[in-house]
Asker: 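Following this message is one structure expressed as structure tokens.
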Amino acid sequence: SAPQWYGLNDGSAPLTAYQTRQFVVEINGGSNFELHQLSAVSDGDFLINIVDMAKGESIINAPRNGNYPLPASLFIGSGSYPYRFHEPILVFGGQNLLVTLVDTSGEDNTVYLTLGGVNLKVRMWS
């Protein structure tokens with residue numbers, strides 16, 4: 001295994017006031033990704049949801065087992081102090097994560113999101 005970080009494909013997510021945007025994070029096909037932490041830096045408040053597109057499930061458990069964007073301030077750490085999952089989340093190589101961001105600041109907002117973890121060989125026994 002080796003440390004790995006993923007971000008939004010173009011680095012940042014510019015949002016206008018109350019805008020909703022979706023971004024796809026492509027996991028490298030040569031290895032599986034074990035997600036351990038999330039961190040974000042932004043100009044204002046926003047909501048976030050991250051869905052594993054292969055499973056059709058959110059990696060963030062919303063209240064009542066829902067699948068919808070939640071305030072980032074509830075669970076995502078800052079750039080200095082990332083949010084660590086109690087148990088890592090496995091995303092298979094070649095799969096995509098769909099990140100939904102919703103601005104709630106009412107102003108232009110740029111979000112930088114980082115997903116941290118480790119790459120695992122697809123077949124560790126070979």
Side-chain angles (χ1 to χ4, degrees):
S1 66
Q4 178 69 43
W5 288 268
Y6 284 97
L8 302 175
N9 293 340
D10 60 353
S12 65
L15 303 171
T16 58
Y18 304 110
Q19 182 184 25
T20 299
R21 288 191 66 192
Q22 292 185 319
F23 301 87
V24 174
V25 176
E26 301 172 12
I27 303 303
N28 186 357
S31 60
N32 297 323
F33 179 60
E34 192 176 70
L35 176 61
H36 288 261
Q37 63 188 24
L38 295 173
S39 64
V41 176
S42 66
D43 297 328
D45 295 331
F46 64 98
L47 306 176
I48 185 169
N49 191 19
I50 303 173
V51 174
D52 183 334
M53 294 176 69
K55 297 176 185 174
E57 298 175 356
S58 177
I59 67 168
I60 303 163
N61 291 326
R64 299 183 187 191
N65 293 324
N67 181 358
Y68 50 88
L70 293 173
S73 59
L74 288 178
F75 62 92
I76 290 188
S78 66
S80 299
Y81 301 102
Y83 172 79
R84 293 196 51 86
F85 290 101
H86 294 286
E87 294 182 16
I89 297 169
L90 182 65
V91 182
F92 293 109
Q95 301 299 327
N96 295 323
L97 297 174
L98 179 65
V99 178
T100 302
L101 300 174
V102 182
D103 175 69
T104 57
S105 69
E107 300 176 0
D108 288 348
N109 188 358
T110 302
V111 178
Y112 298 88
L113 177 68
T114 303
L115 293 82
V118 295
N119 273 343
L120 302 172
K121 289 184 181 180
V122 174
R123 295 186 179 138
M124 295 184 72
W125 58 86
S126 59

Asker: Applying side chain to side chain contact (heavy atoms under 4.5 Å, CB included) between Ile50 and each of Thr100, Leu98, Leu38, Ile89, report the one that passes.
Answerer: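 Answer after filtering Thr100, Leu98, Leu38, Ile89: Leu38.
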
Asker: Nearest 0.5 Å please: distance from the CG atom of Leu70 over to the CD1 atom of Ile76.
Answerer: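 Separation between the atoms: 9.5 Å.
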
Asker: Show the nearest heavy-atom pair for residues Gln19 and Thr16, with the distance to one decimal.
Answerer: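 Looking at all heavy atoms of both residues, the shortest contact is OE1-N, 2.9 Å.
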
Asker: Could you check whether any side-chain N or O of Asn32 sits under 3.5 Å from a backbone N or O of Gly93, counting only pairs where one atom can act as donor and the other as acceptor?
Answerer: yes

Asker: Would Ser58 and Asn49 count as having a side-chain donor-acceptor pair, cut-off 3.5 Å?
Answerer: yes

Asker: Just by modelled atom types, is the Asn28 backbone N or O under 3.5 Å from a matching donor or acceptor in the Tyr6 side chain?
Answerer: yes

Asker: To the nearest 0.5 angstrom, please state how far the CG atom of Asp45 sits from the CG atom of Asn109.
Answerer: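 With rounding to 0.5 Å, CG (Asp45) is 8.0 Å from CG (Asn109).
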
Asker: Measure the shortest side-chain to side-chain distance between Asp108 and Asp43 over non-hydrogen atoms and say whether it is less than 4.5 angstrom.
Answerer: no

Asker: Are side-chain heavy atoms of Leu120 and Ser31 found at a separation under 4.5 Å?
Answerer: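 No, too far: nothing below the 4.5 Å cut-off.
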
Asker: How many angstroms lie between CG in Leu35 and CD in Gln4, if you round to the nearest 0.5 Å?
Answerer: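 With rounding to 0.5 Å, CG (Leu35) is 11.5 Å from CD (Gln4).
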
Asker: Are the side chains of Ile59 and Phe85 in touch, meaning some heavy atoms are under 4.5 Å apart?
Answerer: yes

Asker: Check whether any side-chain heavy atom of Pro14 lies under 4.5 Å from a side-chain heavy atom of Arg21, and answer yes or no.
Answerer: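 Yes, side chains in contact.
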
Asker: Are more than 12 heavy atoms, taken from residues, nucleotides or ligands other than Tyr112, located less than 6.0 Å from that residue's OH atom?
Answerer: no

